Amino acid sequence: SAYINLRMSVCLLVSEDDPHKPIQLHHQQPVTLGRGPETKIKDKKCSREQVELRADCNRGFITVKQLGVNPTNVDGVVVGKGNQVSVKPGQRLYLVNQQYPYTVRFTEDTPTPRSAAEKSKPSKRAHRMSSEGNGEKSSEHHRMSDDSPPPKKTLPSGSDKPESAGHWSQGLKVSMQDPKMQVYKDDRVVVIKDKYPKARYHWLVLPWDSISSLKALRSEHVELLKHMQRVGDQMLQQCPDAHKLSFRLGYHAIPSMSHVHLHVISQDFDSPCLKNKKHWNSFTTDYFVESRDVIAMLEHDGKVTVKEGTSELLKLPLRCHLCRKEQPTIPKLKEHLKTHLPS
DNA sequence: GTTCTAGAAC
DNA sequence: GTTCTAGAAC
């Protein structure tokens with residue numbers, strides 16, 4: 001392109017308990033971390049070279065390689081010496097022996113050079129609330145009418161940075177907090193419409209509690225999951241077309257978006273947002289795990305495991321979920337699906 | 001997760 | 001030549 005983008009994408013490794021300054025990880029530059037001044041860890045169980053970290057700022061995760069003998073783990077799963085795993089935003093990395101928790105955060109901000117004297121102060125992010133509730137909070141604002149937002153035609157020049165809120169994989173966390181997106185909420189969960197629905201009806205049920213993925217689920221979450229399923233079923237009861245469409249409630253075995261979310265999706269798959277093989281297979285193969293199966297597994301095993309080879313399911317040929325007939329392309333599949341639609 | 005697009009498939 | 005898929009995105 002005609003210009004050079006000076007904005008650097010960086011990953012911050014944030015210490016969750018003894019908050020030392022976040023450690024910057026630059027794209028694809030390996031950083032070795034362990035006991036030492038940078039982490040303030042003095043624990044002898046932690047090697048001075050406990051882990052090697054490498055951020056992929058484009059794809060939004062870091063890889064962690066355990067170098068030390070004592071266990072590094074991610075969300076309770078041990079990495080193992082010589083092995084490496086990925087850590088996405090929302091997951092917790094424990095440097096050694098379930099201690100020293102860290103999370104990762106991706107930001108687009110170019111760190112402004114500051115004087116050494118100022119360095120110790122935590123950085124403030126003043127430009128964050130650029131568009132929404134700026135200014136007067138004093139008067140009560142219980143207006144129900146949604147007056148149009150201030151025209152923000154400001155062009156790329158100054159401080160504007162529409163959504164440096166976070167990486168795309170954190171999008172659900174943002175959406176679920178947005179009252180305009182919420183179609184139901186109670187003390188435990190919130191329901192939003194999927195931003196890119198893959199069928200005529202496609203909702204997501206999310207817990208307020210931050211649970212990064214199925215891997216992080218434990219027995220104590222059973223009641224929450226049952227509640228999520230109940231709420232999903234409630235969505236159907238108020239759906240005008242529920243009687244003529246069928247629905248499935250379930251989870252993607254390996255979701256792209258952080259934060260556990262239950263899909264409630266009608267089985268017409270009649271949507272322009274359904275565009276490729278991955279979309280199709282993620283809802284019509286065992287990549288889609290029924291809510292009741294997740295709950296049963298959790299009750300039986302105390303955790304949820306994903307079968308090996310699940311990611312390969314996304315590459316399977318396109319097959320109609322109703323008559324099992326294989327279709328050569330997405331357009332042909334969509335044409336075929338019309339034959340199953342209710343008249 | 002989406003967008004974009006090169007080049008494979010038709 | 002057009003349609004369609006699949007991999008990169010700095």
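Chain letters run A, B, ... following the sequence lines, proteins first and then strands; every chain starts at 1. Note that this is a predicted model, so its numbers are computed, not measured.
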Sugar-phosphate only, base, or nothing, as touched by A/Lys278 at under 4.0 Å among non-hydrogen atoms: sugar-phosphate

Protein-nucleotide distance (A/Lys277, atom NZ; C/dG7, atom C1'), rounded to Å: 14 Å

A/Lys81 side chain to A/Gly68 backbone, donor-acceptor under 3.5 Å: no

All stems with DNA chain B, defined as three or more consecutive Watson-Crick or G-U pairs under 3.5 Å: B:2-10 with C:1-9

Length of the CG-P vector between A/Leu314 and B/dG1, whole Å: 8 Å

Rounded distance (Å) that lies between atom C1' of B/dT2 and atom NE2 of A/His202: 15 Å

Rounded distance (Å) that lies between atom P of B/dA8 and atom CG of A/Asn276: 20 Å

Integer-rounded Å distance: C/dA8 P and A/Phe61 CZ: 12 Å

Neighbour count above 12 (heavy atom, 6.0 Å) for A/Glu299 CD: yes

Any residue of residues 325-333 of chain A with a heavy atom less than 4.0 Å from an atom of DNA chain C: A/Thr329, A/Ile330, A/Pro331

Any side-chain heavy-atom pair of A/Val104 and A/Leu93 under 4.5 Å: no

Of A/Thr284, A/Leu333, A/Leu341, the residue whose pairing with A/Phe269 passes side-chain contact (heavy atoms from CB on, under 4.5 Å): A/Thr284

Touch class at under 4.0 angstrom, heavy-atom based, for A/His279 against every strand present: sugar-phosphate

Sugar-phosphate only, base, or nothing, as touched by A/Lys88 at under 4.0 Å among non-hydrogen atoms: nothing

d(CG, A/Leu318; C1', C/dT5) in whole Å: 10 Å

Heavy-atom donor-acceptor pair, A/His252 side chain to A/Ser282 backbone, under 3.5 Å: yes

Donor-acceptor contact present, side-chain A/Gln50 to main-chain A/Asn70, <3.5 Å: yes

side-chain N/O A/Lys275 vs C/dA6 OP1/OP2, d < 4.0 Å: no

Over all atoms of both residues, closest heavy-atom pair of A/Val51 and A/Gln66: CG1-CA, 4.4 Å

Greater than 12 external heavy atoms within 6.0 Å of A/Lys303's NZ: no

Interatomic distance where CZ belongs to A/Phe106 and C1' belongs to C/dA9 [whole Å]: 14 Å

Check: A/Leu217 main-chain N/O paired with A/His221 side-chain donor or acceptor under 3.5 Å: no

Nearest-angstrom distance from the residue atom CG of A/Leu316 to P of C/dT5: 15 Å

Listed nucleotide nearest any side-chain atom of A/His27, set C/dC10, C/dT5, B/dT2: C/dC10

